[in-house]
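So the structure is just underneath, and the comments pick up after that.
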Amino acid sequence: QVQLVESGGGLVQAGGTLRLSCAASGRTFSSYTMAWFRQAPGEEREFVASIHWSSSAAYYADSVKGRFTISRDNAKTSVSLQMNSLKPEDTAVYYCAAGRGVEVRASARRYDYWGQGTQVTVSS
């Protein structure tokens with residue numbers, strides 16, 4: 001079992017920055033590819049970024065490439081999402097997810113564990 005708890009969401013103006021963190025429990029954290037997804041009101045959940053369990057290779061949605069950076073700390077069993085140059089369209093609930101051994105391009109259904117989400121609101 002892996003439990004995920006997100007933090008760091010909030011309200012920020014367009015062009016601002018936020019850093020989301022996800023603390024994971026469990027002794028096999030290093031075996032899990034970690035990802036961030038987001039869901040805006042009335043929209044489906046969409047992929048944001050992922051980081052591979054073994055190589056730490058990162059993969060990003062085109063909409064956030066160059067603005068967001070995902071990183072992980074296996075010693076601290078945590079994953080972060082640094083979000084720069086935020087836009088109003090980034091407004092959503094952001095979810096941390098863990099998938100054992102999955103590849104970075106895996107779809108949401110491949111992820112085994114999910115956090116409760118943290119709200120990010122970007123005002124124009």
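Nothing here was measured: the structure is a model prediction, and the numbers come from that model.
Applying the side chain to side chain donor-acceptor pair (under 3.5 Å) test to Arg67 and every residue at least two apart in sequence or in another chain returns Asp90. The salt bridge (Lys or Arg N to Asp or Glu O under 4.0 Å) test applied to Arg110 returns no partner, not counting sequence neighbours.
Linking Ile, Leu, Val, Met, Phe, Trp and Tyr whenever their side-chain heavy atoms come within less than 4.5 Å leaves Phe37 and Tyr32 in two separate clusters. Taking hydrophobic clusters as Ile, Leu, Val, Met, Phe, Trp and Tyr residues chained together by side-chain heavy-atom distances below 4.5 Å, Val2 shares a cluster with Ile70. By the criterion of side-chain heavy atoms lying less than 4.5 angstrom apart, applied directly or through intervening Ile, Leu, Val, Met, Phe, Trp or Tyr residues, Ile51 is grouped together with Leu20 in one hydrophobic cluster. Tracing side-chain contacts under 4.5 Å through hydrophobic residues (I, L, V, M, F, W, Y), one reaches Val122 starting from Met83; they form part of the same cluster.
Nearest heavy atom pair, residue Val102 against residue Ala106, reads CB-CB, 4.0 Å. Here the closest heavy-atom approach between residue Ala98 and residue Tyr111 is recorded as C-CD2, 3.5 Å. For Ser50 against Thr33, the heavy-atom pair with the smallest separation is CB-CG2, 4.4 Å. Nearest heavy-atom pair, Asp112 versus Gly99, reported as atom, atom and distance to 0.1 Å: OD2-CA, 3.7 Å.
For the atom pair Cys22 SG and Arg72 CZ, the distance stands at 10.5 Å (nearest 0.5 Å). Residue Glu89 holds its CD atom at 8.0 Å from CZ of Arg38, rounded to the nearest 0.5 Å.
The side-chain hydrogen bond (donor to acceptor under 3.5 Å, both in side chains) analysis of residues 7-18, with sequence neighbours excluded, yields no pairs. Screening residues 53-107 for ring pair (Phe, Tyr, Trp, His ring centres under 6.0 Å), with sequence neighbours left out, gives Phe47-Tyr59. Sorted by first and then second residue, the side-chain hydrogen bond (donor to acceptor under 3.5 Å, both in side chains) pairs involving residues 113-124 (not counting sequence neighbours) are Gln119-Thr121.
Counted within 6.0 Å of CD on Gln3, heavy atoms from surrounding residues, nucleotides or ligands total 12 or fewer; the atom is thus considered open.
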Solution key, residues 75-82 side-chain donor-acceptor pairs under 3.5 Å, sequence neighbours excluded:
| unit_1 | atom_1 | unit_2 | atom_2 | d |
| --- | --- | --- | --- | --- |
| Thr77 | OG1 | Ala24 | O | 2.9 |
| Gln82 | OE1 | Arg19 | NH1 | 3.1 |
| Gln82 | NE2 | Asn84 | OD1 | 3.0 |

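A donor-acceptor distance shorter than 3.5 angstrom exists from the side chain of Glu6 to the backbone of Gly117, with no hydrogens or angles considered.
Counting heavy atoms from C-beta on, the side chains of Leu4 and Met34 come closer than 4.5 Å.
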